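Take a look at the structure below.
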2 protein chains.
Amino acid sequence: MLQTATRRLAATDATLLPAHKPPGTRGLILAAGLKLFAERGYAGASIRELADAVGVQPASLYAHYPSKEHVLSALCRIGHEELLRRVRRTLQGCGEDPRDQVFAYVRGHVGMQSAFPMLAVVANAELHALSPALSAASLGLRQQSIQLLTDIVQRGAQQGVFTVPDVWLAVAAIGAMGDRVAYWYTPDHKLSTRFVCEVYAQYALRILAASPAGPSA
Amino acid sequence: MLQTATRRLAATDATLLPAHKPPGTRGLILAAGLKLFAERGYAGASIRELADAVGVQPASLYAHYPSKEHVLSALCRIGHEELLRRVRRTLQGCGEDPRDQVFAYVRGHVGMQSAFPMLAVVANAELHALSPALSAASLGLRQQSIQLLTDIVQRGAQQGVFTVPDVWLAVAAIGAMGDRVAYWYTPDHKLSTRFVCEVYAQYALRILAASPAGPSA
DNA sequence: GTCTATATGAAGATAGAC
DNA sequence: GTCTATCTTCATATAGAC
């Protein structure tokens, strides 16, 4: 009853950048919570398990976070910040051609999902467990990331370089494709991060029926 | 702390066919469990809430299912059976052209996700909560569904009608795109089921860089 | 098959010493 | 900031009458 048949996701390491983690025990709590929430879900992981993983008593957690929900909230926020940061970075200096921009966006998106699979799973799949006050920041960041892509696709469609029956539907498809990567990618996967990013960026352009690149590409 | 900010999925009705449901209270338990597990996750829903939703006392549930886990197991199985049934049906009589077969498969897949969003979400996203014995049947069915698509794409690639850098990666992308539909589709969505199915089937062919159809299409 | 009542354990969170 | 100890509520599941 405790053992799970299939792992929820393939990754086993709760990867977090030093920049993501507050120093000391707070950082340890985030890392341990990330692994637990990714593997068993927010509701399926207990404060006691979290404390065990950190190596402290359950009560000690409350010196750092006022509730279990606040730990999840912090993780979701870090995940959505990392995603937005990445797509903004890959978009920087890639020019005005919507094809280049979609390519860059998907590289950033898939790069995030494969570099931080647990963070991506938790930020996306556990957000619904938060109360409105604690999910608001993450929802805002997510909306910004989606809007970035939507604007690019919209502009490309208007310019005639993309041909899609519905912009929103195409954005949903490209997003879904990238988000899923977090569930199966591991650092030792036979396909490299770079390869997956490039291939999915190409698939995105195919979905959009992107016309062959002009002089700018 | 109890209210969720964003719904986990847009659908609000726990759609199940009469053919899916055992008669009497067992059927009511499945329908109520489907809604609860879809909206709050397996671990986030309690036996008491389930009993409340059915309109019986918690103890009465155990006359029908030996445990909460068995309710989830039944739901996952129904979902994966429905998916396999649908893709098999749409594949029937669509000929040997891999392009037609991919188109049919995705119509069946997306058709399932939009017709039974809660069932699709539970069957896919909650399967990890089951012990091996109770998830085995669903895992087998899922594997069959995936293999069907994999074989089609593989054959199309060998015949030269599809051009993909990696078959598995393309299948993952097409599957992810379709699976996601269950999270946003509702019966009163401005896009019709039929439209979404057709568009995503087309996107799948685009991902595969399908060559223009020959005489058979 | 449903009920009332309850066993038994685990949940999130707090009090207060050190 | 961490501990021990505990409060209170809720969890899954069972016993046994009707």
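Just so it is clear: chains get the letters A, B, ... in the order the sequence lines come, proteins before strands, and each one is counted from 1. The structure presented is a predicted model; accordingly, all values stated were derived computationally and were not measured.
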Calculate the interatomic distance between [X] atom [atom1] and [N] atom [atom2]; express it in whole Å.
{"X": "B/Leu50", "N": "D/dC10", "atom1": "CG", "atom2": "C1'", "result": "16 Å"}
{"X": "A/Lys68", "N": "C/dT14", "atom1": "NZ", "atom2": "P", "result": "15 Å"}
{"X": "B/Ile47", "N": "C/dA11", "atom1": "CD1", "atom2": "P", "result": "17 Å"}
{"X": "B/Tyr62", "N": "C/dT4", "atom1": "OH", "atom2": "C1'", "result": "16 Å"}
{"X": "A/Tyr65", "N": "D/dG1", "atom1": "OH", "atom2": "C1'", "result": "15 Å"}
{"X": "A/Phe37", "N": "C/dG12", "atom1": "CZ", "atom2": "C1'", "result": "12 Å"}
{"X": "A/Glu69", "N": "C/dA11", "atom1": "CD", "atom2": "C1'", "result": "15 Å"}
{"X": "B/Glu49", "N": "D/dA11", "atom1": "CD", "atom2": "C1'", "result": "11 Å"}

For nucleotides 2-6 of chain D, which of its nitrogen or oxygen atoms have a protein nitrogen or oxygen under 3.5 Å away, and what is each distance?
from, atom 1, to, atom 2, distance (Å)
D/dT2, OP1, A/Thr25, OG1, 2.9
D/dT2, OP2, A/His64, NE2, 2.4
D/dC3, OP2, A/Gln57, N, 2.7
D/dC3, OP2, A/Ser60, OG, 2.7

Audit row: B/Glu39, B/Lys35, salt bridge (charged side-chain N to carboxylate O under 4.0 Å, His left out) steps and yes/no: CA-CA 6 Å; B/Glu39 290 179 341; B/Lys35 188 169 163 74; 3.2 Å; yes
query: In terms of the angle between their ring planes, are A/Trp168 and B/His189 parallel, tilted or perpendicular, with boundaries placed at 30° and 60°?
result: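 The rings of A/Trp168 and B/His189 sit tilted, inter-plane angle from 30° to 60°.
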- prompt: Between A/Ser46 and C/dA10, is there a side-chain N or O to OP1/OP2 distance below 4.0 Å?
  reply: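 For C/dA10, neither OP1 nor OP2 has a side-chain N or O of A/Ser46 closer than 4.0 Å.
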- prompt: Side chains of B/Leu127 and B/Arg142: closer than 4.5 Å at any heavy-atom pair?
  reply: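 Side-chain contact under 4.5 Å: yes.
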field: Side-chain donor-acceptor pair present, A/Ser73, A/His70, cut-off under 3.5 Å
entry: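 No pair is found: no donor N or O on one side chain lies under 3.5 Å from an acceptor on the other.
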message: I'd like to know if the side chain of A/Tyr105 and the backbone of A/Ser145 have a donor-acceptor N/O pair within less than 3.5 Å.
response: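 Judged by distance alone, yes, a pair lies under 3.5 Å.
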query: Looking across every strand, which nucleic acid part, if any, lies under 4.0 Å from A/Ala45 by heavy atom: base, sugar-phosphate, or nothing?
result: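 It contacts sugar-phosphate atoms only.
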task: Identify, with sequence neighbours excluded, every residue that meets salt bridge (charged side-chain N to carboxylate O under 4.0 Å, His left out) alongside B/Arg206.
output: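 Scan of B/Arg206 (salt bridge (charged side-chain N to carboxylate O under 4.0 Å, His left out), adjacent residues dropped) gives none.
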